[in-house]
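Just so you know, ligand 1 is whichever comes first in the structure, and atom 1 is the first atom listed for that ligand.
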Amino acid sequence: MLNATRLPQIINNILLYLFFTLVLTSCAGGQLGRSTHQEYRQGMVVSASRYASEAGLQILKKGGNAVDAAVAVQFALAVVYPNAGNLGGGGFMVYRSAAGETAALDFREKAAAAATRDMYLDSLQNPVVEKSLFGHLAAGVPGSVAGMEAAHKRYGKLSWKTLLAPAIALAAGGYKLSARGAEELNGQAAGFRQYNLLGTALVKAAGTWKEGDLLVQQELAATLAHIAERGAAGFYDGPVARLIVEEMQRGGGIMTAADLRAYRAVWRTPVTGIYRGLKIITMPPPSSGGIALMQLLQMVEPYPLRRWGFNKDSTIQLMVEAERRVYADRAAHLGDPDFHPVPQHQLLNENYNTQRMAGFTWERSGNSAQIAAGLAAAPEHEETTHFSVVDRNGNAVSITTTLNGSYGSNVVVKGAGFLLNNEMDDFSVKPGSPNMYGLVGGKANAIAPGKRMLSSMTPTVVEKDGKLFMVVGTPGGSTIITSVFQTIVNVVDFDMGMQAAVNARKFHHQWLPDEVYLEKEAIDSLTHRKLTNKGYRLVERGNIGRVDAILRNKWGYYEAGADPRGDDSAAAW
Ligand code: DON
């Protein structure tokens with residue numbers, strides 16, 4: 001167990017307490033709620049939690065840049081949004097400096113060295129879903145802490161400890177649960193109990209969590225203090241790493257001290273492309289998101305979406321047919337580029353994408369079985385989180401980070417107080433066998449030691465006339481790509497403001513299953529009938545995505561889009 005009293009100064013002291021008070025008391029000041037017409041120019045943070053957005057804003061106000069603020073937000077989310085904020089998961093960052101420099105940082109989890117292609121198959125070669133989704137074996141080697149350190153080393157201005165302080169304060173001093181936060185923790189209590197026989201702070205000692213309860217996470221505070229003191233080494237080496245390995249040994253996991261020590265975040269070249277004159281800067285493999293987003297935009301660009309209108313039958317039909325083709329490509333071609341040659345150049349070729357749309361006809365729905373073969377499955381609940389940050393100079397950070405499923409593997413590292421991911425399920429556990437998002441894959445995304453599992457996360461920055469225009473991204477598993485696609489189209493083609501574009505009802509198609517998912521009231525009854533008559537199988541489902549985005553409007557002010565589908569909130573000045 002980490003002992004708070006033995007920890008370096010930073011944890012016990014006044015500094016922390018000051019921060020804690022500051023974060024809690026100043027929430028009212030910069031808090032925007034869900035929409036604003038105020039004129040913010042100095043900086044903005046939009047995230048899944050008001051505490052995290054406020055932590056980011058405090059860093060901006062101290063003179064930190066967008067990357068400093070983003071690091072503080074990532075660590076704060078690990079405390080106040082345990083569903084998806086994390087130390088034990090991974091993610092991606094897309095960055096654009098005010099001067100136009102771009103970068104993509106990959107801190108995706110990796111399979112442990114002892115992982116094998118068939119590790120989740122039973123003796124009959126059938127996938128054992130519980131194993132890739134829950135418990136110790138489901139976890140990949142976490143990447144978030146290494147990612148934050150790499151981002152800070154390259155771009156940060158303020159000291160590392162300063163960026164960790166708000167998160168430590170929130171963990172040690174506690175934060176107030178929202179009604180939704182309380183309900184979600186209660187909903188997961190059985191899972192937490194099952195996978196944490198030694199107990200966890202996420203389960204209330206007596207009774208159930210209520211709105212306004214203070215959630216204090218001392219073990220997590222101690223872990224964060226180690227990271228504050230020693231950087232990524234405070235996580236991948238030393239007492240925290242030992243606790244992870246002990247947790248693995250107790251629960252039959254395979255991650256070792258060597259796996260942890262070997263983990264590195266990787267700088268990659270962003271995927272870039274043009275859509276209606278705007279430059280799109282987005283995430284390359286091991287995310288499929290950036291390539292898929294660019295393919296979708298290229299496929300619809302020749303068509304007059306603006307004339308057809310938002311969520312009208314032609315608009316939906318065209319976008320769905322593009323999605324059918326792009327998700328079929330995803331299944332066949334996308335995987336960790338360090339292990340599998342992704343034909344990125346070809347997939348991003350405009351002629352290729354125009355050709356892909358050649359077989360499309362307006363008369364009737366396309367048929368996924370004729371686009372390519374595969375199996376089908378229903379999508380499941382999803383939990384990841386996205387946040388967007390801009391500073392007063394116009395530097396922009398777009399980060400999507402995840403444990404994969406809600407609360408990841410459900411395993412909280414005993415003594416260290418953080419949840420481990422269940423990202424191993426993002427691998428193609430068996431060729432053609434759907435994962436929790438109904439996504440299928442094959443060799444490109446098969447499990448191998450040290451390999452990164454394919455992702456859909458699509459943190460994106462958009463540039464207009466050489467200047468920052470939009471920062472956008474979302475959770476939602478397989479729906480991430482189509483949600484980012486629709487949000488961009490809503491702004492660019494349908495002239496929506498940032499909040500309206502985020503609020504707008506969404507639809508989703510992913511090749512397999514051959515169905516189109518719709519949020520409630522996404523389309524009118526006439527559009528519904530027209531599409532059904534053409535053979536589209538329309539299925540109403542719950543919320544799609546949880547987009548947190550920022551737009552720099554034509555007057556140079558920042559406009560927030562904080563998704564009302566969650567507790568998301570913007571903070572700005
Ligand atoms: O990387 C991926 O694509 C998934 N692990 C993301 C999961 C997710 O978005 C869950 N979200 N709500």
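Between Y407 and F192, the ring planes lie perpendicular to each other; the angle is over 60°, past the 30° to 60° tilted range. Using bins of under 30°, 30° to 60° and over 60° for the plane-to-plane angle, the ring pair Y236/Y263 lands in the parallel bin. Relative ring orientation between Y51 and Y175 is described as perpendicular, the plane-to-plane angle rising above 60° on a 0-90° scale split at 30° and 60°.
When heavy-atom distances to ligand 1 are checked against a 4.0 Å cut-off, M453 has no atom that comes that close, whether in backbone or side chain.
The closest approach between a heavy atom of R108 and any atom of ligand 1 is below 4.0 Å.
In this structure, R180 does not pair ionically with E183, as no charged nitrogen and carboxylate oxygen lie closer than 4.0 Å.
The ligand atoms of ligand 1 that sit less than 4.0 angstrom from a heavy atom of S456 are 1 (O), 2 (C), 3 (O). Every atom of ligand 1 with a heavy atom of G476 under 4.0 Å away is listed here by number and element: 8 (C), 9 (O), 11 (N), 12 (N). Numbered from 1 in the order shown, with element, the atoms of ligand 1 that lie under 4.0 Å from a heavy atom of P475 read 9 (O), 11 (N), 12 (N). Under a 4.0 Å criterion applied to the non-hydrogen atoms of N404, ligand 1 contributes the atoms 4 (C), 5 (N), 7 (C), 10 (C). Atoms of ligand 1 lying under 4.0 Å from at least one heavy atom of M457, given by number and element, are 1 (O), 3 (O).
Within the 4.5 Å cutoff, the side chain of E423 has heavy atoms near those of the R108 side chain.
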Worked check of ring-ring contact (aromatic ring centres under 6.0 Å, His included) between F107 and F92: CA-CA 6 Å; F107 51 99; F92 301 121; 7.0 Å; no
Intermediate values then yes/no, salt bridge (charged side-chain N to carboxylate O under 4.0 Å, His left out), D259 and K110: CA-CA 9 Å; D259 287 324; K110 294 175 74 160; over 6 Å; no
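Within a 6.0 Å sphere centred on CD of E521, heavy atoms belonging to other residues, nucleotides or ligands number 12 at most.
With atom 1 (O) of ligand 1 as the reference point, the heavy atom nearest to it among G545, S455, G566 is part of S455. Compare L403, N83, T384 by their heavy atoms: the one nearest to atom 7 (C) of ligand 1 is in T384.
Of the polar atoms of Y437, none of the N or O atoms is found under 3.5 Å from an N or O of ligand 1, judged by distance alone. Polar contact check, L454 against ligand 1: no nitrogen or oxygen pair lies under 3.5 Å apart. Residue I480 places no N or O, backbone or side chain, under 3.5 Å from any N or O of ligand 1.
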